[in-house]
S.K.: 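Let me begin by handing over the structure; questions about it come next.
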Number of protein chains: 2
Amino acid sequence: MATRTRQSQRRRQMLTRERIVETAVELLDASGDGALTVRALTTRLGTGPGAIYWHIGNMDELLDAAADAVITAALTTPRDEAAATQPDEAATAQPDGAAATHPDRAAATPQDEIRAVALGLFDAIAEHPWLATQLALQITRNPWGPVTLRIFESIGRPVSTLGVPQADWFTTTSTLVHYILGATAQTSQSDETATQTEAGRAEFLATASKAWRDLDPDEYPFMRAIADQMREHDDREQFLTGINLVLTGITTHHQPPTDP
Amino acid sequence: MATRTRQSQRRRQMLTRERIVETAVELLDASGDGALTVRALTTRLGTGPGAIYWHIGNMDELLDAAADAVITAALTTPRDEAAATQPDEAATAQPDGAAATHPDRAAATPQDEIRAVALGLFDAIAEHPWLATQLALQITRNPWGPVTLRIFESIGRPVSTLGVPQADWFTTTSTLVHYILGATAQTSQSDETATQTEAGRAEFLATASKAWRDLDPDEYPFMRAIADQMREHDDREQFLTGINLVLTGITTHHQPPTDP
DNA sequence: ACCTGAACACCGTTCAAGT
DNA sequence: ACCTGAACACCGTTCAAGT
């Protein structure tokens with residue numbers, strides 16, 4: 001039968017840590033957060049649990065490795081891909097002021113580079129929704145693990161050419177990274193299936209908007225006031241605006257306007 | 001024996017959803033993230049699992065309720081407490097520009113109110129470390145759940161009196177909230193025990209700083225460059241600086257300086 | 001309506017035993 | 001050195017049965 005040959009084929013290639021991490025990412029991509037179990041791995045790899053545990057210490061380590069692999073790819077990928085991965089959406093959803101997404105070679109300005117890295121992370125999480133949860137967990141449990149380090153380095157590099165005094169590099173970069181992580185955490189997607197199509201997303205926004213307007217006026221006056229903006233907003237655009245807001249804060253804090 | 005009487009005492013007061021949530025918070029505070037199990041609840045409440053599931057739908061719902069309870073308390077608490085909860089630290093660690101922590105009545109300026117709410121969340125997470133993980137999980141799994149709503153409302157209210165056009169309220173508030181959530185997620189504490197004492201924290205910072213300096217110079221030039229700042233930084237102070245940076249970005253973006 | 005407690009399905013992890 | 005597979009401890013959750 002086909003099953004037997006596929007299994008033996010799988011068995012034929014040797015089991016490595018790399019192959020386990022690869023399969024873990026596949027499982028997570030295919031079926032989301034709860035799908036990565038040792039047993040799912042063993043059936044897909046045609047082995048037993050002991051084989052897995054020979055190569056990886058435990059489940060958390062594997063989750064870390066999977067997240068690290070995807071994040072590293074997202075951060076080292078040529079920046080153009082970030083915009084190219086979502087072809088149809090990019091055309092409609094991408095508004096003005098997103099010139100950063102198409103630098104032909106090296107980024108033009110540090111700001112462009114920061115925007116490009118941020119969008120790279122944003123898009124990576126859009127492609128791998130489990131990453132949002134995983135990033136959040138890693139950052140709380142191991143705040144200076146390899147993933148956080150890589151993100152800090154990627155954002156910090158352009159920050160260091162931004163003109164802020166070196167003494168402020170750490171705090172400045174932290175502010176940017178923390179915003180990026182907070183924003184991507186919430187933006188991942190509310191309902192994995194409903195948000196896939198454009199119509200489904202519109203419906204979701206309309207529902208949420210209506211829910212906000214129906215809130216208690218005494219307890220939630222602000223949320224009611226912005227219910228309309230909720231319906232009309234675009235996550236990616238809002239994310240970029242936030243980046244620009246923080247960048248404005250950083251630069252104006254350090255270099256008061258030279259022209260009167 | 002004492003055990004028997006205590007148990008029957010517990011049994012005597014009726015089991016309510018509220019009492020279950022209360023006990024859940026106690027367990028989480030006492031022993032952290034993994035300590036909240038149905039069985040731990042049953043022994044502590046002197047019941048069986050069936051009794052628990054009569055009052056709460058499932059474990060996730062209980063976790064949500066626990067987080068909601070603590071967050072709500074942190075957001076409605078008179079702002080003074082935020083500074084008062086960490087008496088000795090507040091004296092040393094609190095630098096300049098933190099006048100916001102002691103408004104005698106209503107906050108003086110919107111900025112002060114925003115800082116006060118943010119610090120309230122920061123301190124709540126410092127007191128309940130499991131909140132960091134829980135907040136991160138909730139925001140990714142249910143981006144517009146009650147907890148997020150409450151935080152948005154608390155930040156959005158002062159934002160609406162900041163002078164930015166109403167059309168930008170949602171995006172502006174999002175930027176602030178996302179920064180706050182990202183920052184508090186990472187800041188919770190690296191090693192729960194080691195960071196409790198001042199000496200332990202200093203040692204942790206020194207170790208991390210040294211680790212950064214020992215990184216690969218080609219891969220991590222930036223992290224190496226800021227290793228010193230890591231050793232000397234204070235989380236709370238850095239958090240406040242980040243808030244101020246974002247606030248600067250918001251206000252300068254909307255009201256160009258009127259004086260030349 | 002509210003609670004009991006045994007039972008179920010499903011985890012991650014271990015480890016003697018094989019090759 | 002690398003893998004097998006049964007076994008263990010521990011989860012969340014259900015449900016017939018009681019009061």
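In what follows, every chain begins at residue 1, and chains take the letters A, B, ... in the order their sequences are listed. For clarity, every value in this text was computed on a predicted model and none was experimentally measured.
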S.K.: Are side-chain heavy atoms of Glu61(B) and Asn58(B) found at a separation under 4.5 Å?
M.R.: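 Yes, their side chains come closer than 4.5 Å.
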
S.K.: Counting heavy atoms from C-beta on, name the nucleotide in dA1(D), dT13(C), dT14(D) closest to the side chain of Trp54(A).
M.R.: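 The closest nucleotide is dA1(D).
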
S.K.: Can you tell me how far CD of Gln186(B) sits from CG of Leu181(B), rounded to the nearest 0.5 angstrom?
M.R.: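 Reported value, rounded in 0.5 Å steps: 13.5 Å.
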
S.K.: Write down the distance between CD1 (Ile56(A)) and C1' (dT14(C)), rounded to a whole number of angstrom.
M.R.: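 For the pair Ile56(A) CD1 and dT14(C) C1', the rounded distance is 14 Å.
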
S.K.: Starting at the 5' end of DNA chain C and moving along, which residue's nearest nucleotide shows up first, Tyr53(A) or Gly50(B)?
M.R.: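 Looking at DNA chain C, the more 5' nearest nucleotide goes with Gly50(B).
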
S.K.: Which comes earlier along DNA chain C counting from the 5' end, the contact point of Thr37(A) or that of Ala51(A), where each point is its nearest nucleotide?
M.R.: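 Per heavy-atom nearest nucleotide, the more 5' residue is Thr37(A).
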
S.K.: May I have the distance from Leu36(A) (atom CG) to dC11(C) (atom C1'), rounded to whole angstrom?
M.R.: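 The answer, rounded to whole Å, is 12 Å.
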
S.K.: Side chain of Arg39(B): nearest nucleotide among dC3(C), dG12(C), dA7(C)?
M.R.: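 Selected nucleotide: dA7(C).
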
S.K.: Measure from CZ on Arg19(A) to P on dC3(D) and round the result to the nearest Å.
M.R.: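 In whole Å, dC3(D) P lies 10 Å from Arg19(A) CZ.
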
S.K.: Tell me the interatomic distance from Asn58(B), atom CG, to dC11(D), atom P, rounded to whole angstroms.
M.R.: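 Rounded to whole Å, this separation is 17 Å.
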
S.K.: Whether Asp214(B) and Arg224(B) form a salt bridge (side-chain N of Lys/Arg under 4.0 Å from carboxylate O of Asp/Glu) is what I want to check.
M.R.: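 Asp214(B) and Arg224(B): not salt-bridged.
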
S.K.: Apply salt bridge (charged side-chain N to carboxylate O under 4.0 Å, His left out) to Arg150(B) and list each qualifying residue two or more places apart in sequence or on a separate chain.
M.R.: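 Per chain and number, Arg150(B) pairs via salt bridge (charged side-chain N to carboxylate O under 4.0 Å, His left out) with Glu219(A), Asp68(B).
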
S.K.: Wobble G-U and Watson-Crick pairs count when both distances are under 3.5 Å; given that, what is the 5' to 3' dot-bracket string of DNA chain C, with | for pairing to other strands?
M.R.: ||.|||||...|||||.||

S.K.: Write down the distance between CD1 (Ile20(B)) and P (dT13(D)), rounded to a whole number of angstrom.
M.R.: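 Taking atom P of dT13(D) as the reference, CD1 of Ile20(B) is at 13 Å.
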
S.K.: Would you say a side-chain N or O of His55(B) is under 4.0 Å from OP1 or OP2 of dA1(C)?
M.R.: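 Answer is no, no contact under 4.0 Å.
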
S.K.: Just to be sure I understand the rule, does Ile52(A) reach a base, reach only the sugar-phosphate, or reach nothing, if contact means heavy atoms closer than 4.0 Å?
M.R.: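 Touches nothing.
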
S.K.: Going by the rule ring-ring contact (aromatic ring centres under 6.0 Å, His included), which residues pair with Phe152(A) if we only count those two or more places apart in sequence or in a different chain?
M.R.: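 Trp144(A).
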
S.K.: Could you walk me through whether Asp235(A) and Arg201(A) satisfy the side chain to side chain contact (heavy atoms under 4.5 Å, CB included) test, starting with their C-alpha distance in whole Å, then the side-chain angles of each, then the deciding distance to 0.1 Å, before giving a yes or no?
M.R.: CA-CA 11 Å; Asp235(A) 277 337; Arg201(A) 165 136 193 93; 3.0 Å; yes

S.K.: In whole Å, what is the span from the CZ atom of Arg17(B) to the P atom of dC3(C)?
M.R.: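 From Arg17(B) CZ to dC3(C) P: 14 Å.
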
S.K.: Which nucleotide, dT14(C), dT13(D), dG12(C), lies nearest any side-chain atom of Met59(A)?
M.R.: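 Closest nucleotide to the Met59(A) side chain: dG12(C).
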
S.K.: Once you apply a heavy-atom cut-off of 4.0 Å, does Leu41(B) come out as touching a base, just sugar-phosphate, or nothing?
M.R.: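 The residue Leu41(B) makes no contact with any strand.
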
S.K.: Is the Phe170(A) ring parallel, tilted or perpendicular to the Trp212(B) ring (thresholds 30°, 60°)?
M.R.: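 Perpendicular: the ring planes of Phe170(A) and Trp212(B) meet at over 60°.
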
